[in-house]
Amino acid sequence: MKKTFPKNWQHGENEAEIYKNWETKGFFKPETVEKNSKKQETITKKITNSKSQIPNENEENPNAKDQKLEIRNLKFEILAKPFVIAMPPPNVTGRLHIGHALGTTLQDLMTRYHRLQGQSALYVPGMDHAGIATQSVVDKYLRKQNINKNEIGREKFVAEVWKWKEQYGGTILEQLRALGASCDWSREKFTLDEEMSAAVRKAFVHLYEKNLIYCGEYIVNWCPKCGTAIADDEVEHQTQKAKLYFFKYDKNFPITIATTRPETKLGDVAVAVNPSDERYKKFVGQSFDVEIDGIKRKIKVIADRTVDQKFGTGAVGLTPAHSMIDWRIAEENNLPKIKVIDEHGRLVNVGEKYSGLKVLEAREKLVEYLSSENLLEKTEEIENNLAICYRCGGAIEPLPSLQWFVKMKPLAVAAKEAVSSGKIKIIPKRFEKVYFHWLDNIRDWCISRQLWWGQQIPVFYKKQEFEIKDQRSKIKNLENISDLGNLSNLDEKDIFVGETMPAGGDWVQDEDVLDTWFSSALWPFSTLGWPNESSPDLEKYFPTTVMETGYDILFFWVARMIMMSLELTGEIPFETVYLHGLVRDEKNRKMSKSLGNILDPLDLIAKYGTDALRMALVVGSTPGQDLAVGEGKIKGFRNFTNKIWNASRFVALRVTDGDLQSGELGEFRIKNSELRIMEGELSEADKKILASHEKVKASVKNHLDKFQFSLAGEELYEYFWHQFCDEYIEVAKTQLDGLPLRGTTQSDSEKIATPDGLAMTENTKKILLKILSESLIMLHPFVPFVTEAVWQELRQFTPDLAESIMIAEWPQLR
RNA sequence: GCAUCUGUAGCUCAGCGGUUAGAGCGCUUGAUUCACAUUCAAGAAGUCGCUGGUUCGAUUCCAGCCAGAUGCACCA
């Protein structure tokens, strides 16, 4: 039974099946496409030929290496070099949101475009284990079942997370399939896979041996709620109203200070004033013994130019252990650091009355004391910024803690050079400035996390009575030795930094895990087989071509990938960074649950089809610029996908002399399968559309090569709909009328016999087919499903078309 | 405090040193058994944020200002 052409594009009934078909045919794998490509055949032959000329590497031939390189270059030259994108790995706990949809659409668009160019195109998918996020999700999930992670212990908990991951993790990857992502699923990776973890260990040991990783006790951003240290860029700020308290430490102290956090003042060691502040000049250099509610402290008055004379009293109580800036000033002035808040957010080292109290309780008690002693002069309402954890939103407590750090300065130098020299291009260019600024002011990266879910730090300690934390402080390149108790029995030989636990003896591994971003930083090369130098994928596909991601993770991720890649592989990780903007609602507001303006991509796909969503996300999106998307826009592009369907329906039915009513294809076939158009028979309309077609081909390619996806999409939209459909097809209706009535069963003899009419009819059919098929190929990266559906219909009467539009050849310019 | 972006039609946005500044949506009027009403045709709608400068010519380049947003640092 002959298939008929329905009157509308039924995305819901077709998309899943089309995707499945692509996947089973292996079209997402570069190898399959390479096999199909004629171009590739020639290249393979050439390469094999030159290979046979290479002398055996065992024979001593100084040129062997050069020749190998030559082949690689040859390969790139003829075959066009591979096009590679590593998918920014979504969190394993994630759910598809509109931002993923935008990124994935752009990544897939590029991959499909380059695949159509005949390049070996690889789009590597994968997921991120997302340390804190996943651990807390699973923790909550287990608690609902009355399982407490501290009771079951580390090993069992991690096993539970893996179980959870197998069951619920990865739905997001399924959802990305719905977007049409043409990734090679056989190369799918997870940041916590054994290979990925091996890469992480290798990287850690390498950096450690080069003295780029150290352990030390420094002030870090501590999240009491998550129970772990986090990195500087994982801290967010929120404006809030706060009370500023003005008081003196005790009656004998001459200077009044102002603070929003009185309880931390129990750990003060100095008061800092501006060197030019006349009020306090006479005190600078003096020390005072004070007693705050029974707690004795020595307070030195020092001068520091960063102190603002106009704020508060112009005098700052310095709490080195619990303020980033105070820590710096203390280092510069050789002041002691007294830790008065511990990792649970409770006070320590402050006598019986306060020790053990929570921060807010201590504040209340201290303020009570100060006012009863008439030390509290006044309070003021001010607005300030509260540091909060980007994961849980809880308040950050800066405190000194023994953690692992990566030295960033030396890595930053190379990372800067890679961009300033133009080896890596950032689109849009203005983000290069932001990138440089960040690198110029970078501080060391705290990479240890007090979590269980993640790569455990590859450092091992001989088992003994000391706590691991204490043992850590004996590490050879420890930067800042602190007085952590009795370490006299420890020896350097009792500590081992390496990829595997040393054999023999009782060793225990450092308990902390690495920051999730540490493993993500290796992503472009770890997914391709690094550190295995002989990995064929690494050789063929690395460095990758484009990194497409949101500008919001330029620092978290992009910069660190560049640093790690340069340090570990000696190469750039990618040539171009394309940064997309945030997706906002149609009123240009941030999407949020509370506003109720969240667009769920899966709902939109169900309603309007993937193609419509993709098109709506691409058109109007310029790099680094936020994008407003409303349902109306998507609806508009749904109409466009239907337009593609219907124009194709018209062409297919008229070209085969089928029936426009029933949608049944006819028997007529164009003899010249090459679709050679008779130049002598062209009407004005023919000439016009062919000229526009050539212009659009050149322009679209130009835009796509320059990463101007929106312009390419708009131009195709305008051309296809208004020039091809509205103008040319209308004229074509008349031109085609050299033939007998459509859908009748008249015999050949009854056809209108004028040779001119027949020639024009045939020519028009050829033009329609040529323009349609070539336009479909150009549209395919934007709207993969409808173009494939139509392509398969066209193949019924045009067998020369490639098996799938995915592996068709991009239309050549005339 | 340092830096960046944005300001163009009612809305969301393109664009650009050079005729009369564009698109989509929305709006107005009309068409319609002839691929598609998820259609087609026609139309209204703009001081291109403000002020100066450069130029033969500025919406476009430069400076300043106003407004909105963002990043970084700080927030005692």
Side-chain angles (χ1 to χ4, degrees), chain A residues 5-9 232-233 237 239-240 242 244-245 257-262 264-265 268 271-273 304 306-308 311-319 322-326 329 382-387 428 430-438 440-443 551-552 554-555 581-582 584-590 608-609 612 615-616 619-622 624-654 658 660-661 663 708 710-711 713-715 717-718 721-722 725-726 729-730 732-733 737 741-742:
Chain A
F5 228 122
K7 287 206 166 196
N8 291 95
W9 163 233
D232 291 343
D233 50 8
H237 300 275
T239 52
Q240 54 150 26
L244 189 62
Y245 300 84
I257 56 163
T259 180
T260 52
R261 299 199 55 190
T264 64
K265 301 291 108 183
D268 276 14
V271 164
V273 297
D304 190 282
T306 58
V307 176
D308 180 357
F311 188 92
T313 62
V316 189
L318 281 190
T319 322
H322 302 286
S323 152
M324 295 287 172
I325 181 114
D326 294 3
I329 297 175
I382 60 158
E383 208 165 71
N384 76 345
N385 280 330
L386 182 67
R430 65 187 163 88
F431 275 97
E432 289 184 1
K433 222 174 189 176
V434 183
Y435 172 82
F436 291 143
H437 182 255
W438 188 74
D440 284 339
N441 297 290
I442 199 161
R443 295 196 305 174
Y551 64 74
D552 51 332
L554 180 62
F555 307 140
L582 259 54
R584 292 162 174 273
D585 75 359
E586 74 278 354
K587 289 184 185 125
N588 216 5
R589 298 174 304 183
K590 248 184 196 163
Y608 303 110
M615 201 68 186
V619 173
S621 124
T622 39
Q625 210 58 51
D626 293 351
L627 168 77
V629 177
E631 219 170 310
K633 188 173 180 187
I634 300 160
K635 202 171 161 187
F637 285 110
R638 187 271 318 265
N639 296 354
F640 179 59
T641 57
N642 191 54
K643 194 73 183 174
I644 296 172
W645 176 261
N646 259 293
S648 309
R649 179 177 190 267
F650 174 83
V651 170
L653 295 173
R654 288 304 301 263
L660 284 167
Q661 273 309 311
Q708 297 168 330
S710 178
L711 290 178
E714 263 180 86
E715 187 158 355
Y717 176 93
E718 196 278 336
W721 195 322
H722 300 300
C725 295
D726 291 350
I729 286 187
E730 288 310 314
K733 284 176 182 169
D737 278 344
L741 291 172
R742 295 172 300 273

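Order of the sequence lines fixes the chain letters, A, B, ..., with proteins taken first and strands second; residue numbering starts at 1 for each chain. Here the structure is a predicted model, which means the values were calculated and not measured.
- The side chain of A/Ala628 has B/C13 as its nearest neighbour among B/A76, B/C13, B/C36.
- If you check every strand for non-hydrogen atoms under 4.0 Å, A/Gly317 touches sugar and phosphate atoms only.
- A heavy-atom distance below 4.5 Å is not found between the side chains of A/Asp440 and A/His437.
- On the P atoms, B/U29 is 16 Å away from B/A45, given to the nearest whole Å.
- Looking at A/Thr622, its side chain never comes within 3.5 Å of a backbone N or O of A/Gln625 through a donor-acceptor pair.
- Figure legend. B/G57 is base-paired to no nucleotide; pairs are counted as Watson-Crick or G-U wobble with both atom distances under 3.5 Å.
- Note on A/His722: only backbone sugar-phosphate atoms sit closer than 4.0 angstrom, heavy atoms only; bases stay farther off.
- For the pair A/Gln625 CD and B/C13 P, the interatomic distance rounds to 9 Å; values are reported in whole Å.
- Of the candidate nucleotides B/C74, B/G71, B/A76, B/G71 has the atom nearest to the side chain of A/Phe555.
- Within the structure, every side-chain polar atom (N or O) of A/Gln708 is placed at least 4.0 Å from both OP1 and OP2 of B/G15.
- Atom OH in A/Tyr551 sits about 9 Å away from atom P in B/U70, given to the nearest Å.
- At the heavy-atom level, A/Val307 lies under 4.0 Å from base atoms of the strands shown.
- B/C36 and B/C11 have their P atoms separated by 36 Å, given to the nearest Å.
- No donor-acceptor pair under 3.5 Å is formed between the side chain of A/Asn642 and the backbone N or O of A/Arg638.
- Residue A/Thr641 is out of contact with every strand shown, counting any heavy-atom pair closer than 4.0 Å.
- For A/His237, the side-chain atoms get nearest to B/C75 when compared with the rest of B/U38, B/A14, B/C75.
- The partner of B/C65 is B/G49, by the rule that a Watson-Crick or G-U pair needs both atom distances under 3.5 Å.
- Straight-line distance from the CG atom of A/Leu660 to the C1' atom of B/U39: 15 Å, rounded to whole Å.
- B/A23 atom C1' lies 15 Å from atom CG of A/Asn639, rounded to whole Å.
- Across the C1' atoms, B/C61 and B/G17 are found 8 Å apart, a figure rounded to whole Å.
- When the nearest nucleotides of RNA chain B are assigned to A/Arg649 and A/Gly314 by heavy-atom distance, the more 5′-ward of the two goes with A/Arg649.
- With hydrogens and angles ignored, the 3.5 Å screen pairs a side-chain donor or acceptor of A/Arg430 with a backbone N or O of A/Gly624.
- Comparing B/U60 with B/U8, their C1' atoms are spaced 11 Å from each other, to the whole Å.
- No engagement by A/Glu631 is indicated, since no non-hydrogen atom pair under 4.0 Å with the nucleic acid exists.
- The partner of B/U38 cannot be assigned: no Watson-Crick or G-U wobble pair with both contacts below 3.5 Å exists in any strand.
- To the nearest 0.5 Å, the span separating NE2 on A/His322 from NZ on A/Lys265 amounts to 10.5 Å.
- Remark: A/Trp721 CH2 to A/Asp726 CG distance equals 8.0 Å, nearest 0.5 Å.
- Of all nucleotides listed (B/C75, B/A76, B/C40), B/C75 comes nearest to the side chain of A/Ile325.
- For A/Trp721, the side-chain atoms get nearest to B/U39 when compared with the rest of B/C75, B/A14, B/U39.
- If you measure from atom NZ of A/Lys733 to atom P of B/U39, you get 14 Å, rounded to the nearest angstrom.
- Remark: A/Lys433 is not in phosphate contact with B/A3, judged by side-chain N or O atoms under 4.0 Å from OP1 or OP2.
- Across all strands shown, A/Ala258 has heavy atoms under 4.0 Å from sugar-phosphate atoms exclusively, and none from any base.
- Between A/Asp552 atom CG and B/U70 atom C1' the separation is 11 Å, expressed in whole Å.
- Nucleotides B/G68 and B/C50 place their C1' atoms 15 Å apart, quoted to the nearest Å.
- For the pair A/Tyr435 OH and B/C72 P, the computed distance is 17 Å after rounding to whole Å.
- For the P atom pair drawn from B/A14 and B/A23, the interatomic distance equals 16 Å after rounding to whole Å.
- Under a 3.5 Å cut-off, the side chain of A/Asn646 and the backbone N or O of A/Asn8 do not form any donor-acceptor pair.
- Using atom C1' as the reference point in both B/A44 and B/G7, the two lie 25 Å apart (nearest Å).
- Nucleotides of RNA chain B nearest to A/Ser323 and A/Ile729 differ in position, and the one nearer the 5' end is that of A/Ile729.
- Applying the Watson-Crick and G-U wobble criteria (two distances, each under 3.5 Å), B/C27 pairs with B/G43.
- Aromatic ring centres of A/Phe637 and A/Tyr717: separated by under 6.0 Å.
- Under the Watson-Crick or G-U wobble criterion, with both distances below 3.5 Å, B/G71 is paired with B/C2.
- Scanning atom types as modelled, no donor and acceptor separated by under 3.5 angstrom connect the side chain of A/Lys7 and the base of B/C36.
- As judged by a 4.0 angstrom heavy-atom cut-off over every strand, A/Arg638 is placed among the base-contacting residues.
- Listed nucleotides: B/U4, B/A35, B/U38. Nearest to the side chain of A/Arg430: B/U4.
- If you check every strand for non-hydrogen atoms under 4.0 Å, A/Asp308 touches a base.
- Set against B/C36, B/C34, B/U39, the side chain of A/Glu730 has B/C36 as its closest nucleotide.
- With B/A76, B/C40, B/U4 as the candidates, the nucleotide lying closest to the side chain of A/Thr260 is B/A76.
- For the pair A/Asp326 (side chain) and A/Leu318 (backbone), a donor-acceptor distance under 3.5 Å is absent.
- Judged by distance alone, the side chains of A/Gln240 and A/Asn384 do bring a donor and an acceptor atom under 3.5 Å apart.
- Rounded to the nearest Å, the gap between the C1' atom of B/G15 and that of B/G64 is 26 Å.
- In this structure, the nucleotide among B/C74, B/U38, B/A14 sitting nearest to the side chain of A/Asn385 is B/C74.
- Closest approach to the A/Lys643 side chain among B/C75, B/G71, B/U39 is made by B/U39 (side chain taken as heavy atoms from C-beta onward).
- Residue A/Leu244 is classed as having no contact, given no heavy-atom separation below 4.0 Å to the nucleic acid.
- Side-chain atoms of A/Asn384 stay outside donor-acceptor range of the base of B/C75, with no qualifying N/O pair under 3.5 Å.
- What separates OH of A/Tyr608 from C1' of B/C25 is a distance of 13 Å, to the nearest Å.
- For B/G17, there is no paired base (Watson-Crick or G-U wobble, both distances below 3.5 Å).
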